[in-house]
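A, B, ... follow the sequence lines: proteins, then strands. Residue 1 opens every chain. Predicted, not measured: the structure shown is a model, and the values here were computed from it.
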Amino acid sequence: MSGKVPLEKIDDYTWRIPQYKPGMRVPGMVFANRELLEKMQTDRTLGQCVNVAHLPGIYKYSITLPDGHEGYGFPIGGVAATDYNEGVISPGGVGYDINCGVRLVTTNLSEQDIRPKLAQLANAIFQNVPCGLGSRRKDFRVSVHDLERLVVEGVHWAIDHGLGWSEDIKHHEEQGCMKNANPDKVSTTAKNRGLTQIGTLGSGNHFLEIQKVDEIYDERAAKSFGIEHEGQVTIMIHCGSRGFGHQICSDYLRVMERAVQKYKIALPDRELACAPGNTKEAEDYYQAMACAVNYAFVNRQTIMHWVRESFKHVFREDPERFGLNLVYDVAHNIAKIETHMVNGERRKVWVHRKGATRAFPPGHPDIPAELGSQCSYLEVWGQALGFLWVQRKPCR
DNA sequence: ATGTAC
């Protein structure tokens, strides 16, 4: 089916899908090189990009970023903004792993400093951070009361419980705490699944790696983020909201399937189940999703804490001695209410990002001041698009 | 991605 999706070349890495189907409200915009594009033509990726273009209230484009591939409803790499009132919010535009994301931690060590202790360190981390399908912590389980606090307070909860340093907070998207989180909108099943999984990695493409800086492209930018030299050791953590977010997604997909009937929404694919933005169903999903967003922030924060503890154990020194500063924690599966200029007017929109990291426009407060007000960080795809600033997720 | 499976 997707073999028939027409593509217009904009440049070597940008392809436009015209509104060739009567139901398409906007064109598609696909960012891919030849090789990736060819792969997309063998599966449902482009067809899913076209399906997203049918969503009520969608603005400007249905976007697919590298490395776009098949997902549930939206393709992974899918980005769409829909009108807050006239549009819809769709859990398929976020995915099952709500606030799957990545954080980078720097150290002041070089490869040669760490090499002799590497095996020991890897073992310590392996002990301290459970991984794999269904991984749980027996040593650290939160009560239902704690869970309900942490999904509202986000990283603040972790810091208050000794699971990090206060300066970590400002190095998170949303300062590690999404507002509107409401645990009353989360099922007991989801809460129960969440109790034993704080500080666990999970499986699939989730990872915790000890890395070294291979090459610095922009010295000034790198320095402001604490990347000083090639060979510097860093740590990267990629994971999400575990069974908690997964359960919330499946619970609300059911709610949204009913909403599609109730509000008589025409959709090309039932995996795009959604609700009009100004309904209770939309509000409930958003409040529950925000809980999973905060859960995932706390999960990555807690994992980082146990990495710091592992350094302390292996080197028998305070972790501060090794730097171990958080550069940034960023989500790539999330929906947010944002205001953007669209075709010259201020619009409140639902931004769906699935496998798409936010990048910062010039002047964004999260850009280190020393980089100057004209600097944008990460690749600003948005300049081509007019109002959305997005970046491809880190690929593996 | 995820205890699984409408």
Side-chain angles (χ1 to χ4, degrees), chain A residues 43-45 48 64-79 90-103 129-138 141-142 144 147 151 186-209 236-262 267 269-273 285 288-300 302-303 329-335 352-357 392-396:
Chain A
D43 61 24
R44 288 152 56 228
T45 309
Q48 290 183 326
T64 302
L65 298 174
D67 56 333
H69 52 284
E70 278 183 22
Y72 184 90
F74 277 50
I76 296 163
V79 179
S90 174
V94 175
Y96 275 94
D97 193 0
I98 298 166
N99 190 7
C100 186
V102 172
R103 71 171 53 194
V129 183
C131 64
L133 185 66
S135 49
R136 298 170 178 211
R137 297 197 81 101
K138 25 197 177 307
R141 141 192 269 279
V142 296
V144 177
L147 184 86
V151 298
V186 175
S187 68
T188 306
T189 315
K191 286 175 186 168
N192 287 336
R193 289 181 70 177
L195 297 178
T196 54
Q197 293 196 310
I198 289 289
T200 66
L201 196 58
S203 69
N205 62 358
H206 291 167
F207 62 81
L208 191 168
E209 286 180 351
M236 187 172 275
I237 299 166
H238 174 201
C239 65
S241 51
R242 312 287 292 108
F244 182 72
H246 190 277
Q247 188 65 47
I248 289 171
C249 180
S250 42
D251 289 344
Y252 277 93
L253 279 168
R254 241 179 297 132
V255 171
M256 295 307 191
E257 281 182 20
R258 286 199 306 270
V260 170
Q261 309 279 320
K262 180 173 163 189
L267 292 173
D269 178 1
R270 51 182 302 223
E271 291 185 0
L272 289 176
Y285 169 69
M289 184 214 66
C291 291
V293 169
N294 291 338
Y295 185 98
F297 282 140
V298 171
N299 190 31
R300 292 192 290 273
T302 307
I303 288 171
D329 182 295
V330 67
H332 54 238
N333 287 359
I334 197 165
H352 303 72
R353 290 179 5 214
K354 182 174 186 174
T357 300
R392 70 185 177 89
K393 69 172 182 181
C395 297
R396 227 194 141 205

Euclidean distance, atom CD of residue A:E70 to atom P of B:dA1 [Å, nearest integer] | 14 Å
Those residues at least two apart in sequence (or on a different chain) that pass side chain to side chain contact (heavy atoms under 4.5 Å, CB included) with A:A292 are A:I98, A:S241, A:F244, A:I248
In whole Å, what is the span from the CD1 atom of A:I334 to the P atom of B:dA1?
-> 18 Å
Length of the line joining A:Y295:OH and B:dA1:P, which is rounded to integer Å | 17 Å
May I ask you to say what A:E257 touches in the nucleic acid, namely base, sugar-phosphate or nothing, with a heavy-atom cut-off under 4.0 Å?
-> nothing
Has A:N205 got a side-chain N or O lying under 4.0 Å from the OP1 or OP2 atom of B:dA1?
-> yes
Write down the distance between CD (A:Q247) and P (B:dA1), rounded to a whole number of angstrom.
-> 18 Å
Does A:R254 make a side-chain N or O approach to OP1 or OP2 of B:dC6 shorter than 4.0 Å?
-> no
Name the nucleic acid region contacted by A:G240, choosing base, sugar-phosphate or nothing; use a 4.0 angstrom heavy-atom cut-off, strictly under.
-> nothing
Rounded off to whole Å, could you give me the NE2-to-P distance for the A:H69 and B:dA1 pair?
-> 8 Å
Contacts of A:R270 meeting side-chain hydrogen bond (donor to acceptor under 3.5 Å, both in side chains) (sequence neighbours excluded), chain-then-number -> A:E257
Nucleotide B:dA1, atom P - distance to NZ of A:K354 in whole Å = 12 Å
Whole-Å distance between B:dA1 P and A:L201 CG?
-> 11 Å
A:E70 side chain vs A:D43 backbone, donor-acceptor pair below 3.5 Å | no
A:Q197 CD to B:dT2 C1': how many Å, rounded?
-> 9 Å
Indicate whether OP1 or OP2 belonging to B:dA1 is found under 4.0 Å from a side-chain N or O atom of A:S203.
-> no
Can you tell which of A:R242, A:R137, A:R136 makes a side chain to side chain donor-acceptor pair (under 3.5 Å) with A:T200?
-> A:R242
